[in-house]
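Throughout, residue positions are numbered sequentially from 1 according to the sequence presented.
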Amino acid sequence: MKKLFKLILNTIPRPLLIRLSYVARPVLALALKGTTFTDPIDGKSFKMFLPYGYGTQRNNVLSPSTLSLERHRLLWLYLNEKTDFFKSKLVSDSSVTNTKRIKLRKAGSNSALKVLHFAPEQAFYKLFRNQKNLDYTTTDLFSPLADVKADICNLPFEDNQYDVILCNHVLEHIPDDTKAMQELYRVLKPGGMAILQIPQDLSRATTFADDTITDQKERAKIFGQYDHVRIYGRDYFDKLRSIGFKVIEEDYTNKIAPELVEKYCLAKGEIIPVCFK
């Protein structure tokens, strides 16, 4: 199965893969139904999760029902348990981590949050679209799920427009990530929150990039994926700060019970970059 999934990921273009997955998802969810692992996004449980990875495959990471990966489930838990993203009225604390929530709406306001979501994932697309308390816009250059086809380095949006920006594993694809970060900062409202997740090697102090590596197999071997242009190190957070963001390095898995980290198939120690303007 691992070899088959690796072949599919490396040969089928991403837009087509998204369309085909709508057919495969219900079949996989039924075949793998069980009790070992649970996807917190939809609450469904399975005897196993699927493998995933363009280079080295990771076991038990892809949910058969939502097609979420570790980072998606972690983001969902954070938004659901740490913020009022899904709720018009603020709940004082989190049932999972027993911490106070971040209030994204202004005091006394129940208006819909203006959300901009880059390269929208299937795990979130319908869920966010159906939230009545969200004014939800998706954007990407190629995704069939994008409302607005746009270059992240040249966004067609006004300054200070969005309350929340979600940009999950996008910046590692962008040659000029500084310009992309500047654009994200520009369109975020003052006081707004941006979650800018990236694949990160926390053992590296500094980010690594080498434009001379052009062979796709070699890029996949070195960067983890053929279309990645860098490996972010611990300096990623300081680069965001240099753009103007106030950054919380949220080690959220360390605030979740170990048995739930295992049950939800999360990546222990993954840092969520929670950014404010």
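In summary, the side chains of Thr35 and Ser45 do not present any donor paired with an acceptor at a separation below 3.5 Å, with no hydrogens or angles considered. For the 3.5 Å distance criterion, the side chains of Thr178 and Lys239 qualify, holding a donor opposite an acceptor. Side chains of Arg230 and Thr207: no donor on one and acceptor on the other come within 3.5 Å. A donor-acceptor contact closer than 3.5 angstrom is absent between the side chains of Thr206 and Asp235. A donor-acceptor contact closer than 3.5 angstrom links the side chains of Thr66 and Asp39.
A continuous path of ILVMFWY side-chain contacts below 4.5 Å connects Tyr226 to Leu69, so both sit in one hydrophobic cluster. Hydrophobic clustering of Ile, Leu, Val, Met, Phe, Trp and Tyr side chains at less than 4.5 Å, counting indirect connections, unites Leu32 with Leu62. Follow the hydrophobic side-chain contacts under 4.5 Å out from Met181 and you reach Tyr185 in the same cluster. Note on Ile272 and Ile198: separate hydrophobic clusters, where clusters join Ile, Leu, Val, Met, Phe, Trp and Tyr whose side-chain heavy atoms are under 4.5 Å apart, directly or indirectly. A chain of hydrophobic side-chain contacts below 4.5 Å, direct or via other Ile, Leu, Val, Met, Phe, Trp or Tyr residues, connects Trp76 to Ile248.
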Hey, mind stepping through Cys167 and Ile152 against side chain to side chain contact (heavy atoms under 4.5 Å, CB included) and telling me if it holds? CA-CA 10 Å; Cys167 187; Ile152 193 173; 4.0 Å; yes
Could you go through Lys268 and Asp251, starting from their C-alpha distance and side-chain angles, then the distance that decides it, and tell me whether this counts as salt bridge (Lys or Arg N to Asp or Glu O under 4.0 Å)? CA-CA 9 Å; Lys268 183 69 175 177; Asp251 188 358; over 6 Å; no
With side chain to side chain contact (heavy atoms under 4.5 Å, CB included) as the test, would you mind laying out the steps for Ile271 and Leu202 before giving the verdict? CA-CA 9 Å; Ile271 307 298; Leu202 292 172; 3.8 Å; yes
Stepwise side chain to side chain contact (heavy atoms under 4.5 Å, CB included) check, Leu196 with Leu184: CA-CA 9 Å; Leu196 310 178; Leu184 294 171; 3.9 Å; yes
Under the side chain to side chain contact (heavy atoms under 4.5 Å, CB included) rule, what do Glu270 and Gln200 come out as? Steps first, then yes or no, please. CA-CA 8 Å; Glu270 179 179 350; Gln200 188 175 24; over 6 Å; no
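The closest side-chain heavy-atom distance from Thr138 to Tyr125 is below 4.5 Å. Using a 4.5 Å cut-off on side-chain heavy atoms (C-beta onward), Leu116 and Leu166 make no contact. Looking at heavy atoms from C-beta onward, Leu145 lies out of side-chain contact with Asp140 at the 4.5 angstrom threshold. Here the side chains of Glu172 and Gln225 are not in contact, with every heavy-atom distance at 4.5 Å or above. No side-chain heavy atom of Lys246 sits under 4.5 Å from any side-chain heavy atom of Arg241. For the pair Phe49/Val61, no side-chain contact is recorded, criterion being any heavy-atom separation below 4.5 Å from C-beta on.
One distance of note links CD1 of Ile222 with CZ of Phe208; it measures 6.0 Å at 0.5 Å rounding. Rounded to the nearest 0.5 Å, atoms CD (Gln131) and NZ (Lys126) are 15.0 Å apart. Glu262 contributes atom CD, which lies 13.0 Å from atom OG1 of Thr253 (distance to the nearest 0.5 angstrom). Put simply, CG on Leu75 and NZ on Lys82 are 14.5 Å apart, with the number rounded to the nearest 0.5 Å. Rounding to the nearest 0.5 angstrom, the gap separating the CG atom in Leu104 from the CG atom in Asp84 is 4.5 Å. Here Glu183 contributes atom CD and Ile165 contributes atom CD1; the two are 10.0 Å apart, rounded to the nearest 0.5 Å.
A salt bridge links Lys189 with Asp163; the closest basic N to acidic carboxylate O contact falls under 4.0 Å. In summary, Asp176 and Lys179 do not engage in a salt bridge, as defined by a charged side-chain N under 4.0 Å from a carboxylate O. With salt bridges taken as basic N to acidic carboxylate O contacts below 4.0 Å, one links Arg58 and Glu70. Ion pairing of Glu249 with Arg234 is absent here, as no side-chain N (NZ or NE/NH1/NH2) approaches a carboxylate O to less than 4.0 Å.
The aromatic rings of His117 and Phe128 lie tilted to each other, with the angle between the two planes from 30° to 60°.
Within 6.0 Å of the NZ atom in Lys149, the count of heavy atoms belonging to other residues, nucleotides or ligands exceeds 12.
Nearest heavy atoms, Pro199 versus His228: CG-CE1, 4.0 Å. Smallest separation of non-hydrogen atoms from Ser63 and Phe46: OG-CE1, 4.2 Å. Nearest heavy atoms, Asn168 versus Glu121: CB-OE2, 3.0 Å. Minimum heavy-atom separation, Leu141 to Ala150: CG-O, 3.4 Å. For Ala123 against Ile41, the heavy-atom pair with the smallest separation is O-CG2, 3.9 Å. Pairing each heavy atom of Tyr232 with each of Leu171, the nearest pair is OH-O, 3.4 Å.
Residues satisfying the ring pair (Phe, Tyr, Trp, His ring centres under 6.0 Å) criterion with Phe276, sequence neighbours excluded, are absent altogether. Asp215 meets the salt bridge (charged side-chain N to carboxylate O under 4.0 Å, His left out) test with no other residue; sequence neighbours excluded.
Looking at Arg219, its side chain never comes within 3.5 Å of a backbone N or O of Asp227 through a donor-acceptor pair. No donor-acceptor distance shorter than 3.5 angstrom exists from the side chain of Gln197 to the backbone of His169, with no hydrogens or angles considered. Side chain of Asn59 to main chain of Pro51: no donor-acceptor pair is present (N/O by atom type, distance under 3.5 Å, no hydrogens or angles).
Outside the 6.0 Å centre-distance limit, the rings of Phe37 and Tyr264 are not counted as a close aromatic pair.
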Table please: side-chain donor-acceptor pairs of residues 153-160 below 3.5 Å, with sequence neighbours left out.
| residue | atom | partner | partner atom | Å |
| --- | --- | --- | --- | --- |
| Asp159 | OD1 | Arg186 | NH1 | 2.7 |
| Asn160 | OD1 | Lys277 | NZ | 2.7 |

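Evaluated for a ring-ring contact (aromatic ring centres under 6.0 Å, His included) with Tyr78, the options Phe85, Phe86, Tyr252 yield exactly one hit, Tyr252. Tested against Pro40, the residues Leu77, Asn80, Leu260 include a single side chain to side chain contact (heavy atoms under 4.5 Å, CB included) partner, Leu77. Leu113 pairs with exactly one of Asp135, Thr83, Val164 by the side chain to side chain contact (heavy atoms under 4.5 Å, CB included) rule, that one being Val164.
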